[in-house]
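Read the structure below first, then the notes.
Atoms within a ligand are numbered from 1 in the order they appear, just like the ligands themselves.
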Amino acid sequence: MHLSPATTAVTAGRPPRVQGGPVNPPVVLSSTYVSQGVPGPELLYTRSGTETWTPFEQALGRLEGASNPAIVFGSGMAAIAAALSLVPTAGGARGRGGVLVVPRHAYQVSLGYADDLAARHGVEVRRVDIADTGQVVAALDGADVALLESPTNPMLEVADLPALLAAARERGVRTVVDNTFATPLGQNPLALGADVVLHSVTKYLAGHSDVVLGACVTNDPELDATLRSYRTLHGAIAGPFEVWLALRGLRTLHLRVERAQANAAVLAERLAGHAAVAEVRHPSLPTDPGHERAATQMRGFGAIIGLRPVGGVAAADAVVAALDLWVPATSLGGVESTLERRRRFTTESPTVPEDLLRLSVGVEDVEDLWADLDGALRSVL
Ligand SMILES: *Cc1c(COP(=O)(O)O)cnc(C)c1O
């Protein structure tokens, strides 16, 4: 039976229906399993697999439309490190390191990881404007792996994913798509030919700002085995209880994302007409550079807004300080609305405007969110 993503989020990964059986999977806290003789496919040791991962992995795999279950990691960065292990490093068969294409604006720690691959492993990193399809396709020539993000963190640029994934495939370039911002409800890059899709599960999938987790998912059985083996070798595993919490959060993914997206679209439209706002970015706005593409290739426009108040950095910091309801904090995708000025991190890309506020819109009442935001913006005019 073909189920809609909402139904999958609620039903996937449940235990078998047996009289007196639990409705939810149990959390199993055991580092090891009874085992003697030649080890078989059964559970052996928790670093290589535990039954508490499986329901979450099955549910996320189904939501991404994948033929394999997802592979859960101890953080989004652990998932990124695993996926980027597909880039050849110096000293391998070819001698020099491979070529990795990354967006010039992307999750800053992913870019930091790419820089580390360049500095320590001889990898050539090509930074591109992901919205400029011609530029990205030119950079794919001779590349080994492309890390794509769309919409990008924090600039909300939208890549032409169907075109880029097709161009990469023609050139034999492996593609890794960070789908954290869009969520599996917004787009499923595996269906467009991506090799690996990954998530910071910390964000929308878990959704309550109470766990740090990541996941990769692929349709390719060989890649699946490579990524699982990477997890076992490097040991960046998730704790069973955290994964159980993520599955619990995933049950309401559709409700949270629908509400947060609707809130974000209302706020973006009102911000666009606000006297204290110099620029607002949200793909829902018909004037947004990413609108057309997002409207064609995504279901929904996401719940992250980019906002530059009139008055520069001082005004941006003053807005953050003047808010009561919105929480000043990094991270995103929780039920509560948060915001931060991204360039407060010295590691953020220098082409991200210094006064850019990244708003993660939550599921509160939109009028309450607006009253708080409007009041803070007026206070700095
Ligand atoms: C947060 C984030 C990550 C990193 O995930 P962690 O769970 O914090 O390790 C990767 N990509 C994007 C787009 C993110 O927002």
Side-chain angles (χ1 to χ4, degrees), residues 56 60 64 70-85 100 102-117 130 146-159 161 175-187 189 194 196-217 227 230-231 234-239 242-243 245-246 249-250 253 257 260 264 281 283 290 298 302-306 329-334 337-340 342 345 347-349 352 356-362:
F56 176 80
L60 180 54
E64 282 293 5
I71 309 158
V72 69
F73 286 86
S75 70
M77 279 314 300
I80 285 169
L84 295 188
S85 74
L100 170 64
V102 299
R104 67 182 170 146
H105 302 133
Y107 180 61
Q108 60 164 344
V109 189
S110 304
L111 297 181
Y113 190 82
D115 288 344
D116 189 60
L117 286 175
I130 208 75
L147 172 67
L148 306 178
E149 221 183 88
S150 180
T152 58
N153 182 357
M155 295 291 277
L156 299 170
E157 296 137 329
V158 179
L161 281 183
T175 46
V176 176
V177 180
D178 184 333
N179 209 22
T180 301
F181 268 38
T183 85
L185 305 179
Q187 63 194 13
V196 179
V197 165
L198 62 84
H199 286 276
S200 170
V201 175
T202 314
K203 314 293 169 54
Y204 291 101
L205 298 181
H208 295 74
S209 308
D210 51 9
V211 295
V212 173
L213 285 175
C216 290
V217 55
L227 295 167
Y230 180 98
R231 178 174 67 182
H234 292 253
I237 61 157
E242 283 72 16
V243 179
L245 278 174
L250 194 73
L253 177 69
V257 168
R281 286 289 304 257
M298 292 177 69
I304 305 294
I305 294 175
T330 196
S331 195
L332 55 99
S337 295
T338 60
L339 86 170
E340 69 175 336
R342 284 303 292 178
F345 297 105
T347 44
E348 183 57 271
S349 291
V352 170
L356 179 83
L357 295 173
R358 187 188 67 193
L359 279 61
S360 170
V361 181

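With hydrogens and angles left out, the side-chain atoms of Arg342 and Asn153 include no donor and acceptor closer than 3.5 Å.
For the pair Val197 and Glu64, the tightest heavy-atom approach, listed with the atom from each and the gap, is CG1-OE2, 3.5 Å. When all heavy atoms are compared, the tightest approach of Glu149 to Tyr107 is OE2-N, 2.9 Å. Here the closest heavy-atom approach between residue Ile130 and residue Glu157 is recorded as CG2-CB, 4.1 Å. Here the closest heavy-atom approach between residue Thr338 and residue Ser331 is recorded as OG1-O, 3.6 Å. Scanning both residues, Val243 and Val72, for their nearest heavy atoms gives CG2-CG2, 4.1 Å.
Of the residues Leu198, Asp115, Leu147, the one that meets the side chain to side chain contact (heavy atoms under 4.5 Å, CB included) test with Ser110 is Leu147.
Counting protein heavy atoms only, atom 7 (O) of ligand 1 is closest to Thr202 OG1, 2.6 Å. Of all protein heavy atoms, the one closest to atom 2 (C) of ligand 1 is Lys203 NZ, 2.5 Å. Given atom 5 (O) of ligand 1, the protein heavy atom at minimum distance is Ser200 OG, 2.9 Å.
For ligand 1, the atoms closer than 4.0 angstrom to any heavy atom of Met77 are 5 (O), 6 (P), 9 (O). Heavy-atom proximity to Gly76, at under 4.0 Å, picks out these atoms of ligand 1: 5 (O), 6 (P), 7 (O), 9 (O). Annotation for ligand 1: atoms under 4.0 Å from non-hydrogen atoms of Asn153 are 15 (O). The ligand atoms of ligand 1 that sit less than 4.0 angstrom from a heavy atom of Ile80 are 10 (C). Ligand 1 places these atoms under 4.0 Å from at least one heavy atom of Asp178: 10 (C), 11 (N), 12 (C), 13 (C). Distances below 4.0 Å separate heavy atoms of Leu213 from the following atoms of ligand 1: 7 (O).
Remark: ligand 1 and Ser110 share no N or O pair separated by less than 3.5 Å (distance only, no angle test).
The residue among Tyr204, Tyr113, Phe73, Tyr107 with a heavy atom at the shortest distance from atom 4 (C) of ligand 1 is Tyr107.
The side-chain heavy atoms of Pro151 and Ile304, taken from C-beta on, include no pair separated by under 4.5 Å.
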